[in-house]
Trainee: 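I'd like to ask some things about the structure below.
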Amino acid sequence: QVQLVESGGGLVQAGGSLRLSCAASGRTFSYYTMGWFRQAPGKEREFVAGISWSGGNAYYADSVKGRFTISRDNAKNTVYLQMNSLQPEDTAVYYCAAGINPYGRGSADFASWGQGTQVTVSS
């Protein structure tokens, strides 16, 4: 499996920005899609954004369209999530994941997961 390590989380005020990074190592060639999920206390894990390694086709949850941007750097085996106009509702642990199904949006579509990074947005 691929190993994933997230970084870039922290505490920001509402309206601020953060950029999350996900560094992948191992057999990344076996995975077609990279994605970001988030989970707040007491809530289910929620899909945020996804992208393909090859074509860079990006797709998003409706709740973050226009505010978040997912991108990748194939040479560095790294995926990013640029988060702008952050709101308290965005507070969660954010997870990077790797999968083989194109345009996957469910947790079952992703086989490998990072440890998560905390994002806290204060009002």
Side-chain angles (χ1 to χ4, degrees):
Q1 292 192 140
V2 64
Q3 288 75 52
L4 306 173
V5 179
E6 303 98 331
S7 62
L11 173 64
V12 298
Q13 291 185 325
S17 299
L18 283 174
R19 189 179 75 157
L20 306 183
S21 298
C22 174
S25 61
R27 297 184 178 274
T28 58
F29 183 82
S30 300
Y31 296 87
Y32 179 83
T33 304
M34 299 295 293
W36 288 96
F37 290 75
R38 65 187 182 186
Q39 187 168 23
K43 296 185 178 181
E44 296 181 352
R45 187 159 46 197
E46 174 189 22
F47 169 79
V48 176
I51 191 169
S52 62
W53 278 118
S54 58
N57 300 306
Y59 54 103
Y60 302 88
D62 289 340
S63 60
V64 304
K65 285 182 178 178
R67 298 190 299 122
F68 291 10
T69 303
I70 187 172
S71 61
R72 93 285 193 219
D73 186 332
N74 294 64
K76 296 181 179 180
N77 284 333
T78 301
V79 178
Y80 305 95
L81 185 68
Q82 178 67 46
M83 305 185 295
N84 298 326
S85 300
L86 284 164
Q87 304 170 11
E89 294 77 27
D90 297 314
T91 295
V93 177
Y94 283 71
Y95 297 92
C96 179
I100 60 174
N101 295 328
Y103 298 102
R105 291 175 178 266
S107 296
D109 296 315
F110 296 84
S112 297
W113 298 80
Q115 82 289 342
T117 185
Q118 177 71 47
V119 172
T120 302
V121 184
S122 61
S123 60

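All of these numbers come straight from a predicted model, not from anything done at the bench. Basis for what follows: all heavy atoms, side chains included, without hydrogens, waters or symmetry-related copies. All residue numbers refer to positions in the sequence shown, counting from 1.
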Trainee: Establish whether V12 and F68 are linked, either directly or via other cluster members, by ILVMFWY side-chain heavy-atom contacts under 4.5 Å.
Mentor: yes
Trainee: Can you list everything that forms a salt bridge (Lys or Arg N to Asp or Glu O under 4.0 Å) with D109? Sequence neighbours excluded, please.
Mentor: none
Trainee: Which distance, rounded to the nearest 0.5 Å, do you find between the OH of Y80 and the CH2 of W36?
Mentor: 10.5 Å
Trainee: Cluster question for you: counting only ILVMFWY and a side-chain heavy-atom cut-off of under 4.5 Å, with indirect links fine, are I70 and L18 together?
Mentor: yes
Trainee: Check for a donor-acceptor pair, side chain of T117 on one end and backbone N or O of E6 on the other, with a separation under 3.5 Å.
Mentor: no
Trainee: Starting at OG of S123, measure out to CD of Q13 and round the result to the nearest 0.5 Å.
Mentor: 9.5 Å
Trainee: Output the distance between atom CD (E46) and atom OH (Y95), rounded to the nearest 0.5 Å.
Mentor: 13.5 Å
Trainee: Calculate, to the nearest 0.5 Å, the distance between atoms OG and CZ belonging to S71 and R19 respectively.
Mentor: 7.0 Å
Trainee: I'd like to check V93 versus Q118 (side-chain heavy atoms, cut-off strictly below 4.5 Å). Are they in contact?
Mentor: yes
Trainee: Hey, would you say the F110 and F47 ring centroids sit under 6.0 Å apart?
Mentor: no
Trainee: Rounded to the nearest 0.5 Å, what separates atom CE in M34 from atom CG in N77?
Mentor: 9.0 Å
Trainee: Could you tell me whether a side-chain N or O of S21 sits under 3.5 Å from a main-chain N or O of S7, the two making a donor and an acceptor?
Mentor: no
Trainee: State, yes or no, whether a side-chain contact exists between S63 and R38 at a heavy-atom distance under 4.5 Å.
Mentor: yes
Trainee: Counting N and O atoms only, with roles assigned by atom type, does the side chain of R72 sit under 3.5 Å from a partner on the main chain of S54, one being a donor and the other an acceptor?
Mentor: yes
Trainee: Hey, could you give me the CG/OG1 distance between D90 and T120, rounded to the nearest 0.5 Å?
Mentor: 11.0 Å
Trainee: Using a 3.5 Å distance criterion without hydrogens, assess whether the side chain of T33 forms a donor-acceptor pair with backbone atoms of N101.
Mentor: yes
Trainee: What are the two closest non-hydrogen atoms of V2 and S25, and how far apart are they?
Mentor: CG2-O, 2.9 Å
Trainee: In the single-linkage hydrophobic clustering (I, L, V, M, F, W, Y; side-chain heavy atoms under 4.5 Å), do L81 and L86 co-cluster?
Mentor: yes
Trainee: Identify the two heavy atoms, one from Y59 and one from G104, that lie closest to each other, and give their separation to 0.1 Å.
Mentor: OH-O, 2.8 Å
Trainee: Using every non-hydrogen atom in the two residues, find where S17 and S85 come nearest and quote the distance to one decimal.
Mentor: OG-N, 4.3 Å
Trainee: Verify the cluster assignment for W53 and I51: are they in a single hydrophobic cluster under the rule of side-chain heavy atoms below 4.5 Å apart?
Mentor: yes
Trainee: Is it the case that more than 12 heavy atoms not belonging to I100 sit under 6.0 Å from its CD1 atom?
Mentor: no
Trainee: Got more than 12 heavy atoms from elsewhere within 6.0 Å of CD, E44?
Mentor: no
Trainee: With the side chain counted from C-beta on, respond yes when M83 and V119 share a heavy-atom pair under 4.5 Å apart, and no when they do not.
Mentor: yes
Trainee: Taking the six-membered ring for Trp, are F37 and W113 ring centroids under 6.0 Å apart?
Mentor: yes
